[in-house]
Asker: 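One structure follows; several queries about it will come next.
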Number of protein chains: 2
Amino acid sequence: MTHSVDYKQLLREAGLRVTPQRTTIVSLLSETDDHPNVEDLYEKARRLDDTVSVATVYRTMSVLENAGLVRKLVLDDAPARYEMMPHTDHDHLVDVDSGDLVEIPGTEIATLLDRVAAEMGYELVSHHTVIRARKL
Amino acid sequence: MTHSVDYKQLLREAGLRVTPQRTTIVSLLSETDDHPNVEDLYEKARRLDDTVSVATVYRTMSVLENAGLVRKLVLDDAPARYEMMPHTDHDHLVDVDSGDLVEIPGTEIATLLDRVAAEMGYELVSHHTVIRARKL
DNA sequence: CTTGGTGCAAATGATTTGCAAGCCT
DNA sequence: AGGCTTGCAAATCATTTGCACCAAG
């Protein structure tokens, strides 16, 4: 049942209008384990539907982010990258040699940060950790 | 002995040329506990030396960052902010209501991340955690 | 039908760069 | 002297927006 209908439902359930462009973009983002930027998405989308414009990709990402369906990753310089909102909380590790972006699973970090925020008199809303590292 | 000479020495010891513009910028950045962006620095610098240009502020920040004297903070959207390279390792907390940027002291987070990276087969090079939170 | 979405191109905002002139070492 | 640094303005890059048209509910 991995079918385009799934993505349409995803949009519908989020209270968003279902358009072919949005469906295409959501399906691309759902089916990759990369963390593509707008240009990546635009090029891939273009191959499936040559009417898609960059402006729409930008607008769609913004709409999806506000709806809580995707997460925007802003790493130093470089254009923003995106991932479908993870159901399992995770952070990121950048391989400084290859530039690869790897996900760090687990709630260990979140648990610590929760406590750290509390100790500073704050309630944690969200967090993001980026580790730059090199393969051993 | 908090004197402009200190900042000149800082530059000299880093192997950089000492210019009035750089001295001004380093002193401004050293004496604030804000995390100013280029525009902030440009305006402040202007008041002390009206020959400073934005281009120079950008170029200086880049040079200082490469020399390891300052840290560049890229938070979602919004222009990059800067701080003198901290001798004590710390992360950041953004107050989602006020926009304030607070430093999170301590090595607790670093220790955990070191271990996490190792468990994934990586050697940690650097890390940065940003917590978005709300006052309790 | 009516509201919201889209493509296109122009506009914006942040940062970078080419060039001629000036300053640091 | 000779190379690095600067100011200025133009250029570049990522992202946003105005507008006329089209499509989803």
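None of these values were measured; they are calculated from a predicted model. Each chain gets a letter, A, B and so on, in the order its sequence line appears, and its residues count up from 1.
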Asker: So which nucleotide from C:dG7, D:dA9, D:dT15 ends up closest to the side chain of A:A80?
Answerer: D:dT15
Asker: Whether B:T60 contacts D:dT5 is assessed here as follows: a side-chain N or O lying under 4.0 Å from the phosphate OP1 or OP2. Is that the case?
Answerer: no
Asker: In terms of the nearest nucleotide of DNA chain D, which residue is placed more toward the 5' end: B:D77 or B:V63?
Answerer: B:V63
Asker: I want to check one thing: is the phosphate of D:dG7, taken as OP1 and OP2, less than 4.0 Å away from some side-chain N or O of B:T56?
Answerer: yes
Asker: According to a 4.5 Å side-chain heavy-atom criterion applied to Ile, Leu, Val, Met, Phe, Trp and Tyr, with indirect links allowed, do A:V96 and A:I131 form part of one hydrophobic cluster?
Answerer: no
Asker: Using a heavy-atom cut-off of 4.0 Å across all strands, would you classify A:S62 as base, sugar-phosphate, or nothing?
Answerer: nothing
Asker: So, OP1 or OP2 of C:dT6: does either fall under 4.0 Å of a side-chain N or O from A:T51?
Answerer: no
Asker: Once you round it to whole Å, what is the distance between P of D:dT15 and CG of A:D40?
Answerer: 11 Å
Asker: What I'd like to find out is whether the side chain of A:V38 reaches to under 4.5 Å of the side chain of A:Y82, using heavy atoms alone.
Answerer: yes
Asker: Nearest whole angstrom, please: distance from the P of D:dT5 to the CG of B:D49.
Answerer: 17 Å
Asker: What is the distance, to the nearest angstrom, from the OH atom on A:Y42 to the P atom on D:dA14?
Answerer: 14 Å
Asker: For C:dC23, take OP1 and OP2 only and decide whether either is under 4.0 Å from a side-chain N or O of B:Q21.
Answerer: no
Asker: Return the value, rounded to whole Å, for the distance between atom CE of B:M61 and atom P of C:dT15.
Answerer: 11 Å
Asker: For the side chain of A:P20, counting heavy atoms from C-beta on, which of D:dA24, D:dG7, C:dT15 is nearest?
Answerer: D:dA24
Asker: So, does A:Y58 get its side chain near the phosphate of D:dT15, meaning an N or O under 4.0 Å from OP1 or OP2?
Answerer: yes
Asker: Tell me: CD of A:E39 to P of D:dT15, nearest whole Å?
Answerer: 10 Å
Asker: I'd like to know if the side chain of B:T60 reaches the main chain of B:T56, judged simply by a donor and an acceptor atom lying under 3.5 Å from each other, with no hydrogens or angles considered.
Answerer: yes
Asker: Are any side-chain N or O atoms of A:R22 and backbone N or O atoms of A:R17, one a donor and one an acceptor, separated by less than 3.5 Å?
Answerer: yes
Asker: Specify the separation, in whole Å, of atom CG of B:D76 and atom P of C:dG13.
Answerer: 20 Å
Asker: Which nucleotide sits closest to the side chain of A:R22: D:dT6, C:dC8, C:dG5?
Answerer: C:dG5
Asker: Could you tell me whether the side chain of B:R59 has a donor or acceptor atom within less than 3.5 Å of a complementary atom in the base of C:dG18?
Answerer: yes
Asker: Is any side-chain nitrogen or oxygen of B:T19 closer than 4.0 Å to OP1 or OP2 of D:dT6?
Answerer: yes
Asker: Do any side-chain nitrogens or oxygens of A:R17 fall under 4.0 Å of OP1 or OP2 in C:dT3?
Answerer: no
Asker: Nearest whole Å is fine: how far is C:dT15 C1' from B:L41 CG?
Answerer: 14 Å
Asker: In whole angstrom, what separates A:L64's CG from C:dG5's P?
Answerer: 11 Å
Asker: Select base, sugar-phosphate, or nothing to describe what B:V54 touches, counting heavy atoms under 4.0 Å on all strands.
Answerer: nothing
Asker: With side-chain contact (heavy atoms from CB on, under 4.5 Å) as the criterion, how do A:T32 and A:D40 come out once you've worked through the C-alpha distance, each side chain's angles and the decisive distance to 0.1 Å?
Answerer: CA-CA 11 Å; A:T32 184; A:D40 297 333; over 6 Å; no
Asker: Say whether, by atom type as modelled, one donor and one acceptor occur between the side chain of B:T24 and the main chain of B:P20 under 3.5 angstrom.
Answerer: yes
